[in-house]
Amino acid sequence: MEGGDRMMRWIQIRSSILILTLACISSCCFLTLSFADSVTKEEAKQLRNEVGEMFYHAFNGYMDNAFPLDELKPLSCKGEDTLGGYALTLIDSLDTLALLGDRERFAASVEWIGKNLRFDMINKTVSVFETTIRVLGGLISAHQIASDYATGMRVPSYDNQLLNLAEDLARRLLPAFDTPTGIPFGSVNLLHGVDKHESKITSTAGGGTLTLEFGVLSRLTNDPIFEQVTKNAVLAIWARRSKLNLVGAHINVFTGEWTQKDAGIGTSIDSFYEYLLKAYLLFGDEEYLYIFKEAYAAAMHYLYHDPWYVEVNMDSAAIVWPLFNSLQAFWPGLQVLAGDINPAIRTHAAFLSVWRRYGFTPEGFNLASLSVQHGQKSYPLRPELIESTYWLYKATRDPRYLDAGRDMLASLQYGTRCPCGYCHISDVEDHRQEDHMESFFLAETVKYLWLLFDLAVGPDNLVENGPYKYVFSTEGHLLPATPQISLVREHCLYYGSYCRSGDLRQTYFISEVDKDKHESNDSRFYGSWTKAKYSSDYTTSEPSAVSGLIKGFCPGLNHGQKFGLSYLLSNDEHRDYETNQPEESTTVQSHSVMLLPAQSSDSSVPDSVSDHNDSQTSESDVTS
Ligand code: DMJ
């Protein structure tokens, strides 16, 4: 395309984004005006109960019509094997059952899985990513709930069956990591290892979203191999980042070459960013934090076009894809965890305006044409916008997020409820239903909705009142920051990112003596935790709803240097964003330090994406 045409194209894109932004701002105003009929506490209780009923309509529909197949066909009331043929929806639902306090079904499900599930019988080639986040994550999360009196959900007959299954499964996935780069193949056969003709191309999310589940497993089994291979994969991907600190969408696991160089925060990449921060939060491994800061800063500089995000070429930052895709909607929630609340609020409002326009978020919404992207019209019951709504409500307690939750619940009830469960919407413009229910509907979508309203009622659940803080996996699985998993001293950093003033000082850990006591006590037990006495440098900063993990008081921030890690560009690699010419002072690093108060005075929000004028477009896949 000629330079002039490209310029015109970009001007059109920018005008469209501006119009949509204005529309979005007016919809925010509308929200403000509608506070009069905001959700009351009583209504929140009804909504929470309605979400509970929603869960059981879908869960019972699955158990009655599909179990032990993987997923439910909720229109025809049948089942189908979609991932490996191992009761996927039941495994993905376990910790939601526990969260809802359904001791009976949780225990029965744990027992059934312990007795009946065998991976050595499954001669199937499965996705490493999906199997990890749904099955491995579901098993280890349920194991940690079922094995621990302190959760109030200890299953009396439980004897590590789920942990043993998780370890067996993870060992069957390990052959996938045997590649020259350490980045795993996308799929592996559970009996025979990697197929001879397996594709060498995998997505960044697929290779870089395995650290939480495998890391927890290492810490539970005392075998470091799981943590090692998944961390190597992340480092291998990050080592191949562009000079702009961006990663592409697809990579060859043998050569390490990028085969799809579109950088974005959604499709094919999303949870790579998510697990960088969450691996730090759960494990206290500062190398992840250091990489996250660099990656996040680059994303905010090159991809953020306030309040939207675009996809750009990872080398040149030229815009290739002015698209909102539904997987991007997790990002404001991640920003809450990182303490970067203001852009999260704006972006959430923008994404919500798309939901309100159609009743659901389509897989793709084109920011240039302001219409649903051709070929990306479906809504497969995804949780991401609800997830971010929960985190923003938790951070701000702003009633607009309850209103948003109420509206999204109404959409789901009105548009997706079908005879035996909840159906995908195949086209958000005509709300046609499709005969499928992804297991993440029960693992994530319903869970985050329920948590949102429960928070408004005055929370009564494991996540809010339980003995540990929890990190949510990308599949919504609850991963407790127990002393065995986590470096306790790091917890205060994370929880300061959204705790209200004073909460920071109430981080607890269990002493070895108390732990023994708990293990012989069969009652629901949230008390008797030893209050941690942190040294003053951990607690002197005053956290607020918007103070941040990274912005405020994180003592680990300088450890990048201590570890001898440096991701700084050399001088000749410094580029001007507008011209891509070498320049003196405007570098990614100058923006990345917006997250680093200790080292720089520059705490400004970065400029939005530069005016690169390349309008190359490509069809992007919509799954992750
Ligand atoms: C889930 O499986 C996970 O959240 C994943 O990271 C992205 N896609 C789905 C939900 O949309």
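Read the numbers this way: they start at 1 and go in the same order the structure lists the ligands and their atoms.
Residue-level proximity to ligand 1 for Ile133 is carried by the side chain, the only part with a heavy atom below 4.0 angstrom. Contacts with ligand 1 closer than 4.0 Å are made by no heavy atom of Glu274, backbone or side chain. If you look at Glu444 next to ligand 1, the close heavy atoms, those under 4.0 Å, all belong to the side chain.
Evaluated by nearest non-hydrogen atom to atom 6 (O) of ligand 1, the leading choice among Thr267, Thr474, Asp270 is Thr474.
Judged purely by distance below 3.5 Å, without hydrogens or angles, the side chains of Tyr304 and Arg346 pair a donor atom with an acceptor atom. With no hydrogens or angles considered, a side-chain donor-acceptor pair links Glu363 and Ser326 at under 3.5 Å.
The only option from Phe330, Trp331, Phe472 that meets the ring pair (Phe, Tyr, Trp, His ring centres under 6.0 Å) definition with Trp391 turns out to be Phe472.
Per-residue contacts place Leu327 under 4.0 angstrom from the following atoms of ligand 1 (heavy atoms of the residue considered): 7 (C), 8 (N), 11 (O). Against a heavy-atom cut-off of under 4.0 Å, Glu475 is close to the following atoms of ligand 1: 1 (C), 2 (O), 3 (C).
Contacts of Thr389 classified as side-chain hydrogen bond (donor to acceptor under 3.5 Å, both in side chains), with partners at least two apart in sequence or in another chain: His348. By the side-chain hydrogen bond (donor to acceptor under 3.5 Å, both in side chains) test, Glu475 is found to be paired with no residue, residues two or more places apart in sequence or in another chain being considered.
Proximity of the aromatic rings of Tyr422 and His57 is defined here by a centroid distance below 6.0 angstrom, and this criterion is met.
Considering both main-chain and side-chain atoms, Glu130 never comes within under 3.5 Å of ligand 1 through any nitrogen or oxygen pair. Distances between N or O atoms of Arg134 and those of ligand 1 include no value under 3.5 Å.
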